[in-house]
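Reading through the structure tokens given below for one structure.
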Amino acid sequence: MKTQVVVIGAGPSGLLLSQLLARSGVDVVVLERQRPEYVLGRIRAGVLERGTMEMLRQAGAGERMDREGLPHDGFHVGVDGELHHIDLKGLTGCSVMVYGQTELTRDLMELRQREGGVIHYGAADVQIHDLDGARPSVSFTRHGRRERIECDYVAGCDGFHGVSRRSIPAGVLTEHERVYPFGWLGLLSDTPPVDDELIYSRHPRGFSLCSMRSRSRSRYYLQVPLTEKVEDWSDGRFWDELRGRLPQAHAERLVTGPSLEKSIAPLRSFVVEPMQYGRMILVGDAAHIVPPTGAKGLNLAASDVYVAWKLLARACAGDHDALQRYSPLCLDRIWKAQRFSWWLTSLLHDFPDTPMFDRRVREAELSYLLSSEAGRRSIAENYVGLPFPETD
Ligand code: RFL
Ligand code: PHB
């Protein structure tokens, strides 16, 4: 088998990149380890930046998002029981869209299928060969048979635990990492959201986030120590703890119900440099992870896809040096999003063992920023998303 680009991973990055490349006339094959139902079962991101929305529309996958997504012109920050409003629209002229990653993935999957895209699900033991030569290939096992695809380029879109990053020889990559001493316990329920807008709250008992998927489906998160087990959190315990961290009026009107999903995600900041080796580039979570506080993970994946799409299309048209520009173009925006996600996480979460002086300074920083229009604008600019890199 032969193709121009092999995309490894059919999460949001792999699906969106393959769709855009195919529309630009590039021949693409996608290899995904899991079954489609498994990929759709992962409950993850909920907030899309303007640039991400625009990419989905360009890919021809924006119709249901525009119909069913919930545009949000602002969000709230709760500090010890008091709400502060960040007016995204007023401060930046931009809004964000609440539309679940599951829905976005479903839209892209169906579109790829309708347009005849090749996605091999259940591709086991993917191995990447000859990345530093002119003719790489990717082998995998499917239906008990080993198969091999020759290609010009490989796009590693296989997430943090994927095979692409690990296939780069030792000594080439530098990894930057910060692991946080807590995780997020998430709960999804068919209950109306407690507020029209998202609420990110700081509280002595720990951070909480009230988010949503629709007007009748809510997504809530609680900061929990890494030692917690999801089995120890009955729905009742979750709702009681959330009520305890919300401002009183919200606690009183919180509508509770049985959970549809409950899971704990550890928080991590991670960046690998460079994001390209020979004829392979790393895209999305394969190259970087942010703590979810700034809602940046999926959106960073989308801006990587934008650069990858433009440069791979150019490389496939004969400009073989185009990929050299991928890493520097992406990393500038990635580090700015890393900074914002780390900073918001630091301000809003409770860090055990923090000296009192440091706690008081952090409280003063948050209080200052929320009371200053310049401070709120800085938060808003980062939240709605910094401009995409210029690829021309
Ligand atoms: P994914 O989604 O991990 O997809 C990678 C795909 O690759 C497959 N794969 C392989 N395939 C073949 N061979 C192998 N060896 C393979 N190894 C892996 C996997 O099965 C999978 O299908 O990475 P991608 O596409 O880069 O997308 C990244 C996003 O999923 C991620 O950044 C976001 O979910 C992060 N995130 C959020 N991002 C936002 O922009 N806004 C948010 O509001 C937001 N909230 C969140 C989040 C992530 C969370 N968790 C659980 C980590 C909230 C949470 C709780
Ligand atoms: C979500 O709805 O899952 C969500 C929203 C905003 C975040 C993180 C997660 O910052």
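Basis for what follows: all heavy atoms, side chains included, without hydrogens, waters or symmetry-related copies. Both ligands and their constituent atoms are indexed starting at 1 by order of listing.
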key: Beyond-backbone contact of Val179 with Pro266, side-chain heavy atoms, under 4.5 angstrom   = no
query = Between Arg178 and Tyr180, do the side chains contain an N or O donor and an N or O acceptor separated by less than 3.5 Å?
reply = no
query = Quick one: does Gly14 get an N or O within less than 3.5 Å of an N or O on ligand 1?
reply = no
message = Quick check: closest heavy atoms across Gly294 and Leu344, and the distance to 0.1 Å?
response = CA-CD2, 4.1 Å
Ring-face cation of Arg142 near Tyr121 (centre distance under 6.0 Å, axis angle within 45°) = no
query = Quick one: which of His288, Glu49, Arg44, His120 has a heavy atom closest to atom 3 (O) of ligand 1?
reply = Arg44
request  = Could you see which bit of Tyr221 sits under 4.0 Å from ligand 1, with heavy atoms only: side chain, backbone, both or neither?
outcome  = side chain
key: Check: Asn299 N/O within less than 3.5 Å of ligand 1 N/O   = yes
Phe207 ring center within less than 6.0 Å of His349 ring center = yes
task = Answer yes or no: is there a side-chain heavy-atom contact under 4.5 Å between Asp130 and Arg135?
result = no
request  = Would you mind running through ligand 1 and noting each atom that sits below 4.0 Å from a heavy atom of Gly46?
outcome  = 42 (C), 43 (O)
query = Just distances here: any N/O of Ser13 and N/O of ligand 1 closer than 3.5 Å?
reply = yes
message = For atom 32 (O) of ligand 1, what's the nearest protein heavy-atom neighbour? Residue, atom name and distance, please.
response = Asp285 OD1, 2.7 Å
inquiry  = Below 3.5 Å, N or O to N or O, backbone or side chain included: is there any such pair between Leu298 and ligand 1?
reply    = yes
request  = Would you check the N or O atoms of Gln101, main chain and side chain alike, for any that come under 3.5 Å of an N or O of ligand 1?
outcome  = yes
Would you mind listing each N/O atom of ligand 2 next to any protein N/O under 3.5 Å, plus the distance?
unit_1, atom_1, unit_2, atom_2, d
ligand 2, 2 (O), Ser211, OG, 2.6
ligand 2, 2 (O), Arg213, NH1, 2.7
ligand 2, 3 (O), Arg44, O, 3.2
ligand 2, 3 (O), Arg213, NH2, 2.9
ligand 2, 3 (O), Tyr221, OH, 2.6
ligand 2, 10 (O), Tyr200, OH, 2.8
ligand 2, 10 (O), Pro292, O, 2.8
ligand 2, 10 (O), Thr293, O, 3.4
ligand 2, 10 (O), Ala295, N, 3.4

message = Tell me whether Ile334 shares a hydrophobic cluster with Leu298, the cluster being built from Ile, Leu, Val, Met, Phe, Trp, Tyr side chains joined at under 4.5 Å.
response = yes
request  = Return yes if a side-chain donor-acceptor contact under 3.5 Å exists between Asp196 and His72, otherwise no.
outcome  = no
Leu31 neighbourhood, listing ligand 1 atoms whose heavy-atom distance to it stays under 4.0 Å = 11 (N), 12 (C)
key: Any N or O of Val126 closer than 3.5 Å to N or O of ligand 1   = no
query = Does the side chain of Glu261 pick up a donor-acceptor pair with the side chain of Ser263 at under 3.5 Å?
reply = yes
task = Could you tell me whether Arg279 sits above the aromatic face of Tyr153, with NZ or CZ closer than 6.0 angstrom to the six-membered ring centre and within 45 degrees of the axis?
result = yes
task = Check Ala45 against ligand 1 and report side chain, backbone, both or neither, counting heavy atoms closer than 4.0 Å.
result = both
note = min-distance protein heavy atom vs atom 4 (O) of ligand 1 -> Gly11 CA, 3.6 Å
ask   = Is Gly297 close to ligand 1, meaning an N/O of one under 3.5 Å from an N/O of the other?
value = yes
ask   = Which other residues belong to the hydrophobic cluster containing Met356, where Ile, Leu, Val, Met, Phe, Trp and Tyr are joined when side-chain heavy atoms lie under 4.5 Å apart, directly or via other members?
value = none
query = Which of the atoms of ligand 1 are close to Lys296, meaning less than 4.0 Å from one of its heavy atoms?
reply = 39 (C), 40 (O)
request  = Report the residue from Ser137, Ser139, Ser167 that forms a side-chain hydrogen bond (donor to acceptor under 3.5 Å, both in side chains) with His129.
outcome  = Ser139
inquiry  = Regarding ligand 1, does Arg42 bring an N or O atom to under 3.5 Å of one of the ligand's N or O atoms?
reply    = yes
remark   = For Ala295, the atoms of ligand 1 under 4.0 Å from one of its heavy atoms are 39 (C), 40 (O), 41 (N), 42 (C), 43 (O)
key: Flag side-chain contact, heavy atom, 4.5 Å: Leu329 against Glu390   = no
Polar contact flag, side-chain donor to acceptor under 3.5 angstrom, Glu273-Trp335 = yes
request  = Have a look at ligand 1 and work out which part of Cys157, if any, has a heavy atom under 4.0 Å from it: side chain, backbone, both or neither.
outcome  = backbone
task = Compute whether any side-chain donor of one residue and acceptor of the other, for Glu228 and Trp233, lie under 3.5 angstrom apart.
result = yes
remark   = min-distance protein heavy atom vs atom 19 (C) of ligand 1 -> Glu32 OE2, 3.5 Å
message = Judged on heavy-atom distance to atom 15 (N) of ligand 1, which of Asp304, Val163, Val290 sits nearest?
response = Val163
query = In the protein, what heavy atom is nearest to atom 51 (C) of ligand 1, and what distance, to one decimal place, separates them?
reply = Ala265 CB, 3.8 Å
key: Subset of ligand 1 atoms that lie under 4.0 Å from at least one heavy atom of Ile8   = 12 (C), 13 (N)
remark   = shortest atom 12 (C) of ligand 1-to-protein heavy-atom contact is with Arg33 N, 3.3 Å
query = Are side-chain heavy atoms of Arg205 and Leu222 found at a separation under 4.5 Å?
reply = no
request  = Give the residue and atom name of whichever protein heavy atom lies nearest to atom 7 (O) of ligand 1, and the separation in Å to one decimal.
outcome  = Asp158 CA, 3.2 Å
request  = Could you check if a side-chain atom of Leu347 sits within less than 4.5 angstrom of a side-chain atom of Leu369, using non-hydrogen atoms only?
outcome  = yes
